[in-house]
Amino acid sequence: MRLSRSLVPTLKETPAEAQIVSHRLMLRAGLIRQTAAGIYAWLPAGFRVLQRITQIVREEQDAIGAQEMLMPTIQPAELWRESGRYEGYGKEMLRFRDRHDRELLYGPTNEEMVTDLFRQSVRSYRELPQIVYHIQWKFRDEVRPRFGVMRGREFLMKDAYSVDIDRDGAVLNYRKMMLAYMRTFRRMGLSAIPMAADTGPIGGDLSHEFIILAPTGESEVFYDAAFEEIDYSPAAFDATSAADLERFFHLMTSHYAATDEKHDPAQWEKIAPERRRQGRGIEVGHIFYFGTKYSASMGFSVAGPDGKPFHPEMGSYGIGVSRLVGAIIEASHDEAGIIWPDPVAPFRAAILNLKVGDPACDGLSERLYAALGASALYDDRDERPGVKFADADLLGHPWQIIVGPRGAASGKVELKRRASGEREELSPEAALARIGA
RNA sequence: CGGGGCGUGGCGCAGCCUGGUCAGCGCGCGUGUUUUGGGUACACGAGGCCGCCGGUUCGAAUCCGGCCGCCCCGACCA
């Protein structure tokens, strides 16, 4: 993208409404603009980040055999009356009527719809198990939206739903999903810790929240250093092996981890002092098993091996995709701006042409831009070098290729790594090689 | 939803208490000169029915009422 022709409205000053660092930086870097309380427009650079994250989530869901689909944002009230949640959900649900006076709602989640879809089409246990998921906008009419995209009313979420013939199958899918989640967050450069969460009416130990560590996180978290040592790469655990999944699940759930509200000092004291870890965290995912709650209330049953109908066991699994953008920034930034982990950066590199109009600078910059293509943001604006440096740091591109008259004369450019601040002068070819283009 | 605060050019703010030559400052934006590796300097310039509606008054950004929007603390949450 050529910056001179891009809608990337960076701000020198922070708008008054933004309090937390990710919100300020997202506004300042021109990633988002607020449209209404808790509702944001994703501008080109911000949208790219959203897409990078979405893609990682998608790949890891696909890897455990989940099927991607797309359900509507609007749902009929009727579906929710069946499960009894229409009344139960409260004012957080945005309700409205169409021209025929039919009651509709903007979906905050999709359990009812998935259950309905399955009951329409799946008749036998032989068609199970299955997992479906979609990445779709949700709306929860929060009384008090805040923290930018971290707590918006409209948000992008990945929600998956598993359907199994029995509890054992459901447990297996639950564990698969936990593994997929750990891999997903790791790929984004985040340290995530699963923590036991309230399981509601089902009970048991099958509900976990995924907290990522960030110095400015919303809640205090306590955990065992063991979490830092677990290798959950494909080499360590096979997501299709029940034995591996059980071993993995055990590793993940046998160590102490809790947020401040559930913190148990007695348990905490049992951990060796040098293994106690304390920090702040942000919830970015939640998975849970809810058995036959919806299949039973909504009349979804399939024929079993004995020919008799039964209600399948289900679970649902969410990841706050848009919230992750804010969470990643909370976990990775400095005074100057965002520091994107490579896998989620909107652009792999920025090309800073320090002297637009200078034949040597223009020539080198264009050459680099042609080589990098869509993965680069070419700052071809007729601006002062200082402005370009500041904006590049603010935008947080992993790499900056600085093309200035000083080096251009001898065919050299400077390569800066955003995270470390390291710079080195080299040829354009060498710079491209280092970036890995 | 309870408590608090704020709406004045794109952004950050002053002015309001003590109505009238108060529509102003910084940044940004445009033009020119200047500068040329970390938000350059100077000059000139464009840009605002002071959130909306109504009231008081000779006169309202300023006082009064209503409404709308936004933010913060709390309760609540991916």
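Naming: A, B, ... by sequence-line order, numbering from 1 per chain.
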Do NZ/NE/NH1/NH2 and the carboxylate oxygens of A:Arg280 and A:Glu220 come within less than 4.0 Å?
-> yes

Whole-Å distance between B:G37 P and A:Asn353 CG?
-> 13 Å

Taking atom P in both B:C71 and B:U21, compute the distance separating them and give it to the nearest angstrom.
-> 35 Å

Base, sugar-phosphate alone, or nothing: which one does A:Asp391 contact when heavy atoms must sit under 4.0 Å apart?
-> base

Would you kindly give the CG-to-C1' distance between A:Asp379 and B:G37, to the nearest whole Å?
-> 13 Å

Whole angstrom value for the distance that separates P of B:C11 from CG of A:Leu25 | 18 Å

Whole angstrom is fine here: how far is it from CD1 in A:Ile402 over to C1' in B:U36?
-> 15 Å

Cation-pi, A:Trp399 ring and A:Arg417 (6.0 angstrom, 45 degrees) = yes

If you measure from the C1' atom in B:A14 to the same atom in B:G48, how many Å do you get, rounded?
-> 15 Å

Can A:Arg85 be said to sit on top of A:Tyr294's aromatic six-ring, NZ or CZ under 6.0 Å from centre and within 45° of the ring axis?
-> no

If you measure from the Lys or Arg side-chain nitrogens to the Asp or Glu carboxylate oxygens, is any gap between A:Arg81 and A:Glu112 under 4.0 Å?
-> no

By the Watson-Crick or G-U definition, both distances under 3.5 Å, B:C29 is matched with B:G45

Separation of B:C1 atom C1' from A:Lys91 atom NZ, nearest Å, is 8 Å

Does A:Ser332 use its side chain to pair, donor to acceptor, with the backbone of A:Ile329 at less than 3.5 Å?
-> no

Classify the nucleic acid contact of A:Thr14 as base, sugar-phosphate or nothing, counting any heavy atom under 4.0 Å across all strands shown.
-> sugar-phosphate

Using the P atom as the reference point in each nucleotide, state the distance between B:G28 and B:A43 in Å, no decimals.
-> 15 Å

What does B:U34 pair with, Watson-Crick or G-U, if both distances are under 3.5 Å?
-> none

Between B:G54 and B:A75 - P atom distance, rounded Å | 42 Å

Which nucleotides of nucleotides 40-47 of chain B have their base under 4.0 Å from a protein heavy atom (B), which only their sugar-phosphate (S), and which neither (-), written as one string 5' to 3'?
-> B-------

Separation between the C1' atoms of B:U62 and B:A23, rounded to whole Å = 12 Å

Report yes or no: is there a donor-acceptor pair, N or O only, under 3.5 Å between the side chain of A:Glu13 and the base of B:G28?
-> no

Presence of salt bridge, A:Arg2 and A:Glu366, under 4.0 angstrom = yes

Can you tell me, in whole Å, how much space there is between the C1' of B:G7 and that of B:C13?
-> 13 Å

Whole angstrom is fine here: how far is it from CG in A:Leu354 over to P in B:U35?
-> 18 Å

Span that lies between the C1' atom of B:C16 and that of B:C63, in whole angstrom = 10 Å

Approximate separation, where rounding is to 0.5 Å, of A:Leu324 CG and A:Phe210 CZ = 12.0 Å

Answer with base, sugar-phosphate or nothing: what part of the nucleic acid does A:Lys416 contact at a heavy-atom distance below 4.0 Å?
-> base

According to the Watson-Crick and G-U wobble definitions, with both distances under 3.5 Å, which nucleotide is paired to B:G74?
-> B:C1

Sugar-phosphate, base or nothing in reach of A:Leu352, heavy atoms under 4.0 Å | nothing

Are the ring centres of A:Phe237 and A:Phe248 closer than 6.0 Å?
-> yes

Verify, without hydrogens or angle tests, whether A:His311 (side chain) and A:Phe300 (backbone) share a donor-acceptor contact under 3.5 angstrom.
-> yes

Rounding to a whole Å, what distance do you find between A:Leu11:CG and B:G12:C1'?
-> 10 Å

At under 4.0 Å between heavy atoms, what does A:Arg423 touch on the DNA or RNA strands: base, sugar-phosphate, or nothing?
-> base

If you measure only the distance, is there a donor-acceptor pair under 3.5 Å linking the side chains of A:Gln130 and A:Gln67?
-> yes

Could you work out the separation of B:C49 and B:A61 based on their C1' atoms and round it to a whole Å?
-> 12 Å

Length of the CG-C1' vector between A:Leu394 and B:G39, whole Å | 11 Å

Closest nucleotide of RNA chain B for A:Gly407 versus for A:Glu383: which of these residues is on the 5' side?
-> A:Glu383

For nucleotides 71-78 of chain B, read 5' to 3', which letter fits each nucleotide if B means a protein heavy atom sits under 4.0 Å from the base, S means only the sugar-phosphate is that close, and - means neither?
-> SBBBBBBB

Distance in Å, A:Leu368 CG paired with A:Ile435 CD1, rounded so as to fall on 0.5 Å steps = 7.5 Å

